Amino acid sequence: MAVISILRHTWEPVVNRLERLVRKVAGDLPTDNDWTQSTKGSWYVHPRQHAIEIVFLASAFGCAAGYFFNKTLGPGTLNFKLLSSFVPPVPASWAEKALLGSLIGSLGITFVHKKIRKQTLFMLQPCHMNALLLISVLSAPEKMISKVLFNFYLHTQWGGYAALAFPDLRDHKMFLETFNFFAEHILILVAPIYMIYSRRYLVLPASPNMAMLSFFLYGLFHTPFLHACALRSGLNLNYLFAPPPCKLP
């Protein structure tokens, strides 16, 4: 009990300071969440919980990502040799160029909608960033970074499936907004299938290490980067402040 008491007295001041910092960064947010909209943040999740998650999750994700990066892509590994030697064997087809154009057009429409709403920070949402990732890979498949990003994306596609399975359309009021929502998410799921079978894009051998590396890098993007952006802006980026509403049975 004495040890627990010492740890509590040591831990409490640290957490209290972190909570004050989170409140200062985030500014004045309401305690009650407005469930009629999905963009504005609230303290549905307590500021202390945000502080604890940022510190512990960011540390865990960073350490794990570094460990699995060395095991998966470090010099001397099979994956590193494959990435260094692979060259697209055939030029881009018209279908691939059409796919690239469709992704650019869809992401452009999304940007216009966010710009009109003055919420361009929502372009950092994972699915929009995935569309940008695919655009960059399709534009330069021969580059090392493109090969790595493509294989990273193959392990982190679940967001697109989740968005299509449980679409949150509460704020969709603009022309083509709902149509483009589904078009963009379908495109980011269809594109990698075409890219795999085109033989122009390297697919690394399946391995738990690559899957774990992809997951922890995705986690690092979420926390601390996206988490910090959400707190600073007060916007509910990737539902960091409050989840979508659900109907209880």
Side-chain angles (χ1 to χ4, degrees), residues 45 49-84 86 103 107 121-138 141 143-168 184-196 201-231 235-244 246:
V45 177
Q49 185 65 30
H50 281 284
I52 293 172
E53 288 184 6
I54 288 176
V55 171
F56 283 96
L57 289 181
S59 301
F61 290 155
C63 292
Y67 171 78
F68 283 107
F69 181 87
N70 287 328
K71 284 182 67 70
T72 308
L73 301 176
T77 61
L78 173 62
N79 287 336
F80 183 82
K81 294 175 182 176
L82 292 172
L83 289 165
S84 302
F86 180 81
L103 281 165
L107 192 63
L121 204 60
F122 272 96
M123 293 302 294
L124 293 175
Q125 292 276 81
C127 286
H128 303 326
M129 295 304 294
N130 286 339
L132 184 61
L133 180 153
L134 288 171
I135 289 170
S136 65
V137 173
L138 284 162
K143 292 186 177 180
M144 174 71 84
I145 186 63
S146 296
K147 303 170 194 176
V148 174
L149 287 175
F150 180 60
N151 282 273
F152 159 73
Y153 177 67
L154 293 178
H155 294 83
T156 57
Q157 296 183 67
W158 66 79
Y161 290 105
L164 289 175
F166 308 100
D168 185 359
E184 180 183 354
H185 288 86
I186 290 171
L187 281 169
I188 64 174
L189 295 176
V190 170
I193 298 174
Y194 173 84
M195 294 164 75
I196 290 171
Y201 301 87
L202 173 67
V203 178
L204 296 174
S207 72
N209 287 336
M210 186 63 194
M212 295 302 288
L213 172 62
S214 302
F215 171 79
F216 287 118
L217 287 175
Y218 187 93
L220 268 178
F221 174 73
H222 188 277
T223 302
F225 177 70
L226 206 60
H227 209 146
C229 291
L231 288 172
L235 296 174
N236 192 25
L237 299 176
N238 208 30
Y239 301 109
L240 276 159
F241 281 114
C246 64

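None of these values were measured; they are calculated from a predicted model.
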How close do Phe68 and Asn209 get, heavy atom to heavy atom, and via which atoms? CE2-OD1, 3.5 Å
Return the CE to CG distance between Met212 and Leu217, rounded to the nearest 0.5 Å. 11.5 Å
I would like to know whether Trp158 and Thr156 meet side-chain contact (heavy atoms from CB on, under 4.5 Å); could you show each step before the answer? CA-CA 6 Å; Trp158 66 79; Thr156 57; 4.0 Å; yes
Would you mind reporting whether Phe61 and Phe215 have side-chain heavy atoms less than 4.5 Å apart? yes
Mind checking whether Leu164 and Leu189 have side chains closer than 4.5 Å, heavy atoms only? yes
Closest non-hydrogen atom pair, Gly74 against Phe80: O-CB, 3.5 Å
Among all residues two or more places apart in sequence or in another chain, which pass the side-chain contact (heavy atoms from CB on, under 4.5 Å) test with Ala230? Leu237, Leu240, Phe241
A side-chain contact here means heavy atoms from C-beta on lying under 4.5 Å apart; do Pro192 and Tyr153 qualify? yes
Is there a side-chain contact (heavy atoms from CB on, under 4.5 Å) between Phe150 and Ile196? Walk through the geometry before answering. CA-CA 10 Å; Phe150 180 60; Ile196 290 171; 4.0 Å; yes
Does the side chain of Gln157 come within less than 4.5 Å of Ile188's, by heavy atoms? no
Expected output: side-chain Asn151 to main-chain Leu204 donor-acceptor under 3.5 Å: yes
Flag the pair Pro205 / Leu82 as yes when at least one side-chain heavy-atom distance between them is below 4.5 Å, and no otherwise. yes
Run the side-chain contact (heavy atoms from CB on, under 4.5 Å) test on His128 and Glu184 for me, step by step, so that the C-alpha distance in whole Å, both residues' side-chain angles and the decisive distance to 0.1 Å come before the verdict. CA-CA 8 Å; His128 303 326; Glu184 180 183 354; 2.8 Å; yes
Grab the two heavy atoms, one from Ser136 and one from Ser146, that are nearest each other, plus how far apart they are. O-OG, 3.8 Å
Ring geometry between His227 and His222 (parallel below 30°, tilted from 30 to 60°, perpendicular above 60°): perpendicular
At their closest point, which heavy atom of His185 faces which heavy atom of Gly160, and how far apart are they? CD2-CA, 4.2 Å
Check whether any side-chain heavy atom of Leu134 lies under 4.5 Å from a side-chain heavy atom of Met195, and answer yes or no. yes
Can you tell me how far the CD atom of Gln125 sits from the CG atom of Asn236, to the nearest 0.5 Å? 8.0 Å
Between Lys81 and Gly76, which heavy-atom pair has the shortest distance, and what is it? CE-O, 3.8 Å
Can you check whether Leu202's main-chain N or O pairs, donor with acceptor, with Lys147's side chain at less than 3.5 Å? no
Could you state the interatomic distance from OG1 (Thr72) to CZ (Phe152), rounded to the nearest 0.5 Å? 13.0 Å
Just verifying a value: how many Å separate Tyr201 OH and Leu138 CG, rounded to the nearest 0.5 Å? 4.0 Å
Got a donor-acceptor contact below 3.5 angstrom from the Ser59 side chain to the Phe56 backbone? no
Nearest-0.5 Å distance that lies between atom CG in Leu187 and atom CG in Leu103: 5.0 Å
Heavy-atom pair of closest approach, residues Leu220 and Gly62: CD2-N, 3.7 Å
How about Thr77 and Lys71: do any of their side-chain heavy atoms sit closer than 4.5 Å? no
If you define the side chain from C-beta out and look only at heavy atoms, does anything of Val45 sit under 4.5 Å from Tyr239? no
